[in-house]
Amino acid sequence: MHDRWSIEANYRDLKQVERVGEVQLRRVWANVGAFHLGMWVHTLTEVWAWKQATSELSDRRDRPWDDANRRPSHADRRRALRQAMWREEYRRLGVPNTLREKIMPLFDRITRLAG
């Protein structure tokens with residue numbers, strides 16, 4: 001039963017979070033490729049989140065009704081990965097430290113809203 005539930009949860013995440021079922025392409029092999037790409041994105045997100053701390057993966061400050069002790073969902077993991085990628089891109093811009101201290105709080109708020 002437990003194994004079956006994990007399969008169902010992954011299938012639900014693929015459909016709702018990755019939106020694999022909404023791809024509309026004309027050719028069969030294009031649909032197969034899009035499905036495989038969605039599966040790879042899902043898998044790589046889970047692999048990235050495997051060694052991350054739970055507190056880094058789910059930020060529920062903007063959702064006070066949500067249980068803070070609940071394990072992070074796939075959407076939480078995906079959001080955390082997206083924000084980590086944005087921070088890395090920002091870090092690579094080479095903004096001087098004096099400006100970075102002023103910009104980082106605003107940047108964090110924007111990434112939380114866009115996430």
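Note that these values count all heavy atoms, side chains included, but never hydrogens, waters or copies made by symmetry.
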### Query
Is the CD atom of Gln24 crowded by more than 12 outside heavy atoms at less than 6.0 Å?
no
#### Entry: Closest contact, heavy atoms only, Ala49 versus Leu57
O-CD1, 3.8 Å
### Message
Is there a path of hydrophobic side-chain contacts, each under 4.5 Å between heavy atoms of I/L/V/M/F/W/Y residues, joining Leu81 to Trp50?
### Response
no
### Task
Quick one: closest heavy-atom pair of Met104 and Tyr90, and the distance?
SD-CE2, 3.3 Å
### Message
Going by side chain to side chain donor-acceptor pair (under 3.5 Å), name the pairs with one or both residues in residues 35-45, residues two or more places apart or in two chains.
### Response
Asn10-His42, His42-His74
### Under the side chain to side chain donor-acceptor pair (under 3.5 Å) test, residues paired with Arg12 that sit two or more places apart
none
### Within residues 84-98 or reaching into it, pairs that qualify as salt bridge (Lys or Arg N to Asp or Glu O under 4.0 Å) - sequence neighbours excluded
Arg87-Asp108, Glu88-Arg91, Glu88-Arg92
### Message
Do Met85 and Trp48 sit in one hydrophobic cluster, given that two such residues count as connected whenever their side-chain heavy atoms are within less than 4.5 Å of each other, even indirectly?
### Response
yes
